[in-house]
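What follows is a set of notes on a single structure, which appears directly below.
Every number for a ligand or one of its atoms is a count from 1 in the order of the listing.
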Amino acid sequence: MTSPATVYTPVIRSNIHTLPQFKALRTDLQHTILTVSAVFPFRTNRYVADLIDWQHVPNDPLYQLTFPQRGMLSSEDFAAVHRLIRRNASAAELQPVVNEIRMRHNPHPAGQLTYNVPHLNGEPLPGLQHKYRETVLFFPSRGQTCHAYCSYCFRWAQFIGDQDLRFAAKDSSGLTAYLRHHPEVTDVLITGGDPAVMKTRFLRDYIEPLLAPELAHVQSIRIGTKALAYWPQRFVTDDDADDLLRLFEEVNASGRHLAIMAHFSHPREMSTPVAQQAIRRLRDVGCEIRMQAPLIRYVNDDPQAWATMWRRGVGMGMIPYYMFVSRDTGPKNYFEVPLGESARIFRQAYNQVSGLARTVRGPVMSATPGKVLINGMTQIEGQRAFVLTFLQARDPDWVGRPFFAHYDPEATWLFDLKPAFGASASLFDPDTTYAAAS
Ligand SMILES: *Cc1c(COP(=O)(O)O)cnc(C)c1O
Ligand code: SF4
């Protein structure tokens with residue numbers, strides 16, 4: 001095929017004809033891509049394209065991961081957009097149709113960057129989120145894009161320019177001022193998009209101030225990234241890859257922990273020599289790599305995929321962390337997996353790996369009241385029920401207490417569930433829980 005990619009070049013809707021595999025695709029699949037990507041953001045790159053088994057598209061899981069699919073739009077929406085594209089309609093004609101469809105696909109699930117924004121001296125601090133006592137989330141403005149876009153991304157609105165990026169932080173001065181007043185915070189999680197898209201010198205400007213002696217309570221700096229899957233060259237051959245590793249090494253040498261929260265969706269993403277080299281280089285400078293991803297229909301709705309991923313990951317020194325339930329946004333109907341099925345997939349994967357891989361927790365919903373773990377299903381007094389617990393909650397007192405919901409095979413999110421066996425209804429209600437806990 002093509003020679004291994006070494007210079008990062010995004011493949012988006014307007015230059016997709018430069019991708020050799022696109023030119024070789026069936027015409028109906030080409031049409032699908034051009035139609036659906038007019039609505040939902042699309043971005044991939046040659047490295048990701050080379051991970052795809054093109055003999056098996058559209059079913060190949062890595063094709064499903066970044067390429068637009070026919071089922072992501074209803075037949076009416078698809079037909080409406082397709083008709084406009086076929087007759088080369090102007091942007092002015094296309095825009096209102098596309099916007100109307102986007103608005104019907106919940107572009108802003110759970111407020112995202114606007115909820116839980118902390119204040120200092122009465123002023124809101126953009127780019128910060130403080131929901132759970134120990135951990136502050138930090139959204140640097142330069143890290144709000146990704147090397148490729150997952151088709152299920154809950155931040156998709158920001159990739160089409162809809163989300164107001166003034167909610168991201170230009171520098172870390174607000175963060176460090178806030179942390180000086182919050183000695184209870186042990187973890188800063190730098191997230192995006194993907195902070196690893198940033199040049200090292202910018203990332204250094206954000207991270208270095210966190211190493212100040214008066215911030216000794218900040219013990220762990222986490223970086224949430226999909227770059228090990230979408231552009232591992234970032235840690236190996238990019239111009240400033242060595243500088244990046246030096247920066248991480250400095251953090252670890254300062255007595256803090258630099259943790260990589262690596263988004264891996266499928267075992268094939270860790271199969272290439274460059275991905276394995278990237279993992280090794282990060283480990284060599286003292287980084288721990290924790291693996292997490294949402295469970296997505298057609299991408300990884302298969303216990304074998306997860307078990308293989310955890311096994312191989314552990315073999316490379318990584319730590320399985322979370323299996324998430326995907327959020328209610330974008331083409332959700334296409335990729336959602338009901339909670340009951342998710343719990344079965346998790347258990348069938350979990351029960352075939354060794355204890356070293358059983359650090360993983362899931363399926364987990366990151367919902368308004370907190371991170372809710374589906375422990376599994378059980379029968380109580382003749383009724384089927386979900387057993388749930390909070391792994392994180394706005395109110396730390398909720399953490400670790402089991403509660404119940406009636407089993408519902410169709411439910412795909414916490415708010416679809418009905419409380420059972422004495423569980424408080426407020427735990428399931430997005431509005432009352434938000435009010436009760438904020
Ligand atoms: C998941 C998450 C965290 C980190 O939680 P851990 O259980 O420590 O990984 C922090 N803040 C928010 C808003 C989160 O969703
Ligand atoms: S890596 Fe994360 S933020 Fe980036 S497109 Fe995928 S899900 Fe979205």
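For the atom pair Leu388 CG and Leu414 CG, the distance stands at 7.0 Å (nearest 0.5 Å).
Remark: minimum distance from atom 2 (Fe) of ligand 2 to any protein heavy atom is reached at His263 ND1, 3.8 Å. Scanning the protein for heavy atoms near atom 8 (Fe) of ligand 2, the closest one is Cys153 SG, 2.2 Å. Among protein heavy atoms, atom 12 (C) of ligand 1 sits closest to Tyr132 CE1, 3.5 Å. At the top of the distance list for atom 6 (Fe) of ligand 2, counting protein heavy atoms only, stands Cys150 SG, 2.3 Å. Looking from atom 5 (O) of ligand 1 to the surrounding protein, the closest heavy atom is Gln392 NE2, 3.5 Å.
The aromatic rings of Trp398 and Phe390 are tilted relative to each other, their planes meeting at an angle between 30° and 60°. Below 30°, between 30° and 60°, or above 60°: for His263 and Tyr152 the angle between ring planes is between 30° and 60°, a tilted geometry. The aromatic rings of Tyr149 and Phe159 sit parallel to each other, their planes meeting at less than 30°, with 60° as the upper class boundary. Phe67 and Tyr63 have parallel rings, their planes meeting at less than 30° on a 0 to 90° scale where 60° marks the start of perpendicular. Using bins of under 30°, 30° to 60° and over 60° for the plane-to-plane angle, the ring pair Tyr178/His182 lands in the parallel bin.
Counting heavy atoms under 4.0 Å from ligand 2, residue Lys226 touches it through the side chain alone. Of all the heavy atoms of Gln129, the ones lying under 4.0 Å from any atom of ligand 1 belong exclusively to the side chain. For Phe159, every heavy-atom contact with ligand 2 shorter than 4.0 Å involves the side chain, none the backbone. Of the heavy atoms in Arg361, none comes closer than 4.0 Å to ligand 1.
Ligand 1 has a nitrogen or oxygen under 3.5 angstrom from a nitrogen or oxygen of Tyr321.
Looking at heavy atoms from C-beta onward, Gln158 lies out of side-chain contact with Pro41 at the 4.5 angstrom threshold.
The ligand atoms of ligand 1 that sit less than 4.0 angstrom from a heavy atom of Ser366 are 15 (O). Atoms of ligand 2 found under 4.0 Å from any heavy atom of Cys146 (numbered from 1 in listed order, with element): 1 (S), 3 (S), 4 (Fe), 5 (S). Of all the atoms in ligand 1, the ones that sit under 4.0 Å from a non-hydrogen atom of Tyr322 are 6 (P), 7 (O), 9 (O). Short contacts between ligand 1 and Thr135, defined as distances under 4.0 Å to a heavy atom of the residue, involve ligand atoms 10 (C).
Exactly one of Arg201, Arg234, Arg204 qualifies for a side chain to side chain donor-acceptor pair (under 3.5 Å) with Asp240. That residue is Arg234.
Ion pair Arg297/Asp302 not flagged as a salt bridge, since none of the NZ, NE, NH1 or NH2 atoms sits closer than 4.0 Å to an Asp/Glu carboxylate oxygen.
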Original post:
Can you list the steps and then say if Leu210 with Leu175 is a side chain to side chain contact (heavy atoms under 4.5 Å, CB included)?
Top reply: CA-CA 9 Å; Leu210 300 177; Leu175 173 65; 3.6 Å; yes
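At least one heavy atom of Leu137 sits closer than 4.0 Å to an atom of ligand 1.
In the candidate list Met261, Arg222, Lys371, Gln292, Arg222 is nearest to atom 8 (O) of ligand 1, counting heavy atoms.
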